[in-house]
Amino acid sequence: MTTVLHGEVHVHYGQIYVEGRASEFGGDMSATFAGQSNGLCGAGVPGMLFLITGLHTGQVGFTVEVLDEEPPPADSWEEVVEVSFRAPTPHVALVEWGGGDSYPLGLQAIDYRVRYCGVGMDAARDADTVFDDEEPVDRYLLQFWPSPPRPDAVLKETSAAAAYWHKYARELPPPPTPEERAEAERVRKEEERRALELRARQAELKRWGGALPSERLRHLRGNAFAAATLDRDLAELIAASSPERQRQAARWIARRAYTRASLADVPWIAPALAALDRGEPLPPPFDAHQAVWDRFFNDPAMPSTTVTSLDGRHDNLLQQAAAIPSIFEATHDDPLEAALTALYAAAVAFGRDHYRTLFAELRATFD
């Protein structure tokens, strides 16, 4: 026998717990006693025991013993009940109510029979509260020994307090069957899934301004999505076009952006636009993004004009730098992505005050 606790513990609301880290207790006391004949030691929630005391608040005498085999009858105790308990982990402790002190019990992760004994419950109930400098009124013994599971039992009952709690347990509705628990869990998961779907749909509706687009547009991200939100009808028109028309639109958009930014006739840029029109790989330096930017920023003859950003926050956006990405976007593997990402880059190059002109031209050309 190992005595792992012998002294006093603090109770509140007449409750103490034995808990393991795997306890599933959700705060419903009735769940721990449903289906039992005893109302002093609730074992209905896996991984925990719910212990009732006569005292409402204060110190009670408490001893915990871990034994190798069943102990002899506890004749000196007024109340004796037994339950079965499986330690979910080796980290099981006696825990005071409300997250107070805890006392590790050193149990193994095996099945135990548990005997809970008490004395002085009626007197403690009448006293209600025991202060720290007063002697405990009621005392308890909690014993564990290895044993296969079997139904709980009341071995001895003498107090009105114990009788009250036993009656409470016996009048509770029976616990759900395994099938009922499984169905409840299925319903919970289904409700959770539907709630997640609803939140996702609401978020998507908000993202798209209150009305969902076609399925093809719904999956857009990044600048393609940004272009679609600038003009949903135009984006839907492009999405409904054939891949060949989408690719043509992408090339037209890139050239239009470069023309607007006075880049189309720059000697080292014009060959790239011509190759794009023919559907050929872009020539140097457009075969490497960094090489283009190096050439761009080191060309003393490069035009320099500014536009207002689409969000209106900046009125000095370098138009030529905004136009450059459109040629790369137009070569995207996906024709729709190519058209819409190029469209967004071109819109930025046209600026807040004129991008609608670009959209009108595109609609007139490809409608």
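Applying the side-chain hydrogen bond (donor to acceptor under 3.5 Å, both in side chains) test to Asp75 and every residue at least two apart in sequence or in another chain returns nothing. Residues passing the ring-ring contact (aromatic ring centres under 6.0 Å, His included) test with Tyr116, sequence neighbours excluded: Tyr140. Qualifying side-chain hydrogen bond (donor to acceptor under 3.5 Å, both in side chains) partners for Thr63, counting only residues two or more places apart in sequence or in other chains: His6. For Phe350, there are no ring-ring contact (aromatic ring centres under 6.0 Å, His included) partners two or more places apart in sequence or in a different chain. For Ala360, there are no side-chain contact (heavy atoms from CB on, under 4.5 Å) partners, not counting sequence neighbours. Not a single side-chain hydrogen bond (donor to acceptor under 3.5 Å, both in side chains) links Arg251 to another residue, sequence neighbours left out. When the side-chain contact (heavy atoms from CB on, under 4.5 Å) test is applied to Arg352, the partners found at least two apart in sequence or on another chain are Thr308. With sequence neighbours excluded, the residues that form a side-chain contact (heavy atoms from CB on, under 4.5 Å) with Asp231 are Asp233, Leu234, Phe359, Arg363. Remark: Pro283 engages Pro271, Ala272, Ala275 in a side-chain contact (heavy atoms from CB on, under 4.5 Å) (not counting sequence neighbours). When the side-chain hydrogen bond (donor to acceptor under 3.5 Å, both in side chains) test is applied to Glu157, no partner is found at least two apart in sequence or on another chain. Every ring-ring contact (aromatic ring centres under 6.0 Å, His included) that His289 has, sequence neighbours left out, goes to Phe328.
Under the salt bridge (Lys or Arg N to Asp or Glu O under 4.0 Å) test applied with Arg188, the options Glu190, Glu191, Glu185 reduce to a single match, Glu185.
With Asp111 contributing its side chain and Pro149 its backbone, the two residues share no donor-acceptor pair below 3.5 Å. A donor-acceptor pair under 3.5 Å is formed between the side chain of Gln36 and the backbone N or O of Cys41. A donor-acceptor pair under 3.5 Å is absent between the side-chain atoms of Arg260 and the main chain of Ala346, judged by distance alone.
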Got a list of side-chain donor-acceptor pairs under 3.5 Å for residues 160-168, not counting sequence neighbours?
unit_1: His166; atom_1: ND1; unit_2: Gly39; atom_2: N; d: 2.9
unit_1: Lys167; atom_1: NZ; unit_2: Glu171; atom_2: OE1; d: 3.3
unit_1: Lys167; atom_1: NZ; unit_2: Glu171; atom_2: OE2; d: 2.7

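Using a 4.0 Å cut-off between charged side-chain N and carboxylate O, Glu244 and Arg247 make no salt bridge. A salt bridge links Glu204 with Arg218: at least one charged nitrogen is closer than 4.0 Å to a carboxylate oxygen. No salt bridge links Arg201 with Glu197; every basic N to acidic carboxylate O contact stays at or beyond 4.0 Å.
Contact of the Ile327 side chain with the Val292 side chain is not registered, since no non-hydrogen atoms from C-beta on lie closer than 4.5 Å. At least one side-chain heavy atom of Asp299 sits less than 4.5 Å from a side-chain heavy atom of Trp268.
Using modelled atom types, one finds a donor on one side chain and an acceptor on the other under 3.5 Å when comparing Arg245 with Gln248. Looking at Thr341 and Asn223, their side chains never bring a donor and an acceptor atom within 3.5 Å of each other. Neither side chain, Glu78 nor Ser159, offers a donor N or O lying under 3.5 Å from an acceptor on the other.
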